[in-house]
Trainee: 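Starting off with a structure, shown below.
Below, read A as the first sequence line, B as the second, and so on, with proteins coming before strands; counting in each chain starts at 1.
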Amino acid sequence: MDLTKLTQMQKDALREIGNIGAGNAATSMSKLVNRKIDMDVPTVNIVSFDEMMERIGGPESIVVALLFRIQGDAPGTVYFIFSIEEAEALIKEITNNDALRLDVNDELAISVIQEAGNIVTGAYLSALGDFTNITMQPSVPYLSIDMAGAILTVGLLEVSQVADYALIIDAKISSSYQVSQIKGNFLFIPDPDSFSKLFKALGVTNDV
Amino acid sequence: MSKLISSSHVVKVGIADLKVTKAPNKIRTSGLGSCVGVVIYDERKKVAGLAHVLLPDSKLARQNKFNHYKYADTAIPLLVEQLSSLGARSNLLKAKVAGGAQMFQFSSGSDMMRIGPRNVESVLEKLKHLSIPVLASDTGGNAGRTIEFDIQTSLLKVRTVNKGETFI
């Protein structure tokens with residue numbers, strides 16, 4: 001399947017996946033921090049590998065990333081990405097402890113962000129699964145705090161064997177309250193063979 | 001007149017990309033994770049090239065026309081070829097290698113999840129096959145690396161988030 005030739009209908013269907021997932025994730029995050037969480041309208045982008053890094057702030061920018069491999073009928077990779085400041089704001093909000101820092105490998109801070117990511121991404125994926133009626137089993141969360149380029153290439157390995165670009169469904173959730181910003185970025189990168197299954201499940205024609 | 005001014009700039013290499021240049025330029029690639037940065041250079045002629053290899057072997061390709069810069073086995077010969085056309089002497093080439101980390105500590109999973117060590121292995125094998133000695137390397141681990149090669153000094157600067165900069 002040549003992803004550069006997707007129809008508008010197919011892109012809309014994929015965007016709807018992002019919409020449903022992020023909506024549920026925002027609700028879940030909102031319960032976690034007990035405040036209103038907004039979501040942006042998701043975007044569907046077909047990007048070269050270098051462009052993908054630029055979207056996150058360049059290959060060298062430091063990000064906090066939780067990676068989930070999805071097993072099941074439509075495998076892929078989901079990232080939940082924050083800047084260090086955003087992740088620390090979230091940790092502070094959940095624990096009421098503003099001394100926790102991620103950069104010194106504080107185990108408590110790390111397990112808080114891991115668990116929050118697990119809950120919110122679980123909500124994202126279960127909405128996807130319900131909507132498409134496709135089984136999506138997430139792996140345990142894998143955490144890394146490092147350069148965006150190094151982290152994101154992991155999610156590109158499957159697709160890089162068949163193409164030189166990736167399709168990402170990008171959804172943001174955020175809350176601005178006083179000065180602390182809580183934000184998160186979901187990137188869903190379906191494996192190349194998953195698209196036909198996703199389209200079929202959504203009742204969209206598979207022809208491109 | 002302009003020849004008197006020798007301005008150096010940094011040549012940037014993207015993912016699955018390859019470039020060659022001459023001193024006083026430097027050559028750089030950012031955010032290597034499981035990818036491997038292969039620098040090959042001719043110390044006397046002051047020419048160097050850098051390949052940012054994403055995958056170990058072009059046999060993995062499921063494309064008819066694929067980007068040869070993406071795979072270790074196809075990128076390295078092309079790098080040598082481009083260096084030769086820039087004046088490098090193929091029997092005097094040397095290499096420095098960095099990258100091949102495992103960014104996430106997967107407990108299980110496919111071979112794809114252990115791609116870093118496989119990339120390193122494939123790069124070293126190809127260099128050995130071409131009789132290019134590896135003078136320095138910084139591979140493995142679980143941290144991302146940004147590397148910059150100074151053609152003038154033949155030193156490779158390796159930067160990681162936690163350890164800062166080292167020169168190899």
Side-chain angles (χ1 to χ4, degrees), chain A residues 1-3 47-54 56-71 75-79 84 102-105 110 114 139-166 191-193, chain B residues 12-17 28-37 52-71 98-116 118-119 141-148 159-163:
Chain A
M1 178 174 299
D2 185 352
L3 292 178
V47 290
S48 74
F49 301 156
D50 286 323
E51 278 166 3
M52 178 162 169
M53 308 311 162
E54 292 305 326
I56 310 293
E60 271 193 279
S61 67
I62 298 170
V63 296
V64 178
L66 285 159
L67 176 150
F68 301 77
R69 268 300 289 172
I70 303 168
Q71 278 109 27
T77 305
V78 168
Y79 287 98
I84 292 209
L102 278 171
D103 51 4
V104 288
N105 275 329
I110 284 172
Q114 216 148 5
S139 66
V140 297
Y142 294 101
L143 177 81
S144 181
I145 303 168
D146 213 305
M147 300 176 187
I151 283 176
L152 292 176
T153 40
V154 177
L156 296 175
L157 291 174
E158 292 293 337
V159 69
S160 67
Q161 294 164 64
V162 297
D164 296 301
Y165 45 81
D191 286 357
D193 297 334
Chain B
K12 288 184 182 161
V13 179
I15 299 165
D17 190 12
R28 169 191 177 92
T29 196
S30 301
L32 289 166
S34 57
C35 297
V36 174
H52 183 136
V53 168
L54 183 64
L55 293 166
D57 195 328
S58 57
K59 288 194 198 83
L60 291 166
R62 285 157 62 199
Q63 289 171 283
N64 293 331
K65 287 173 73 179
F66 63 88
N67 170 11
H68 285 67
Y69 296 169
K70 192 156 54 177
Y71 302 92
Q102 187 175 344
M103 298 307 298
F104 294 92
Q105 303 312 303
F106 296 109
S107 45
S108 65
S110 66
D111 276 357
M112 270 297 131
M113 300 305 167
R114 291 184 292 274
I115 203 80
R118 286 176 59 202
N119 277 337
N142 53 22
R145 295 170 173 91
T146 285
I147 60 170
E148 187 175 291
R159 193 177 79 80
T160 66
V161 171
N162 289 321
K163 290 190 205 145

Trainee: Who are the side chain to side chain contact (heavy atoms under 4.5 Å, CB included) partners of Ile84(A), not counting sequence neighbours?
Mentor: Ile62(A), Val64(A), Glu88(A), Ile145(A)
Trainee: Evaluate Glu60(A) against Arg159(B) for salt bridge (charged side-chain N to carboxylate O under 4.0 Å, His left out), listing each step before the verdict.
Mentor: CA-CA 10 Å; Glu60(A) 271 193 279; Arg159(B) 193 177 79 80; 2.6 Å; yes
Trainee: Please answer whether the main-chain N or O of Ala143(B) pairs with a side-chain N or O of Asp146(A) as donor and acceptor at a distance below 3.5 Å.
Mentor: no
Trainee: Heavy-atom distances under 4.5 Å only: say whether Leu32(B) touches chain A with side chain, backbone, both or neither.
Mentor: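 Only the backbone of Leu32(B) comes within 4.5 Å of chain A.
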Trainee: Examine whether an atom of Leu156(A) lies under 4.5 Å from a heavy atom of chain B, and if so say whether it belongs to the side chain, the backbone or both; otherwise answer neither.
Mentor: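 Contact with chain B is absent: no heavy atom of Leu156(A) under 4.5 Å.
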Trainee: Check each atom of Tyr71(B) against the heavy atoms of chain A and say whether the ones under 4.5 Å are side chain, backbone, both or neither.
Mentor: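 It is the side chain, since no backbone atom gets that close.
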Trainee: Measure distances from Ser160(A) to the heavy atoms of chain B and classify the residue's part below 4.5 Å as side chain, backbone, both or neither.
Mentor: both
Trainee: Using non-hydrogen atoms only, which part of Asn142(B) is less than 4.5 Å away from chain A: side chain, backbone, both, or neither?
Mentor: backbone
Trainee: Which answer fits Thr160(B), side chain, backbone, both or neither, if we ask what part of it has an atom under 4.5 Å from a heavy atom of chain A?
Mentor: backbone
Trainee: Taking only residues two or more places apart in sequence, or in another chain, which ones meet Ser48(A) in a side chain to side chain contact (heavy atoms under 4.5 Å, CB included)?
Mentor: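 Side chain to side chain contact (heavy atoms under 4.5 Å, CB included) list for Ser48(A), sorted by chain: Asp50(A), Glu51(A).
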Trainee: Ala148(A), Ala163(A), Gly149(A): which one forms the most heavy-atom pairs within less than 4.5 Å of chain B?
Mentor: Ala163(A)
Trainee: Could you pull out the closest heavy-atom pair between Gly155(A) and Tyr79(A), with the gap in Å?
Mentor: N-OH, 2.9 Å
Trainee: If you compare all heavy atoms of Leu66(A) against all heavy atoms of Pro141(A), which two are closest, and at what distance to 0.1 Å?
Mentor: CD2-CB, 3.9 Å
Trainee: Chain A: which of Ala16(B), Ala101(B), Gly33(B) shares the most heavy-atom pairs with it under 4.5 Å?
Mentor: Gly33(B)
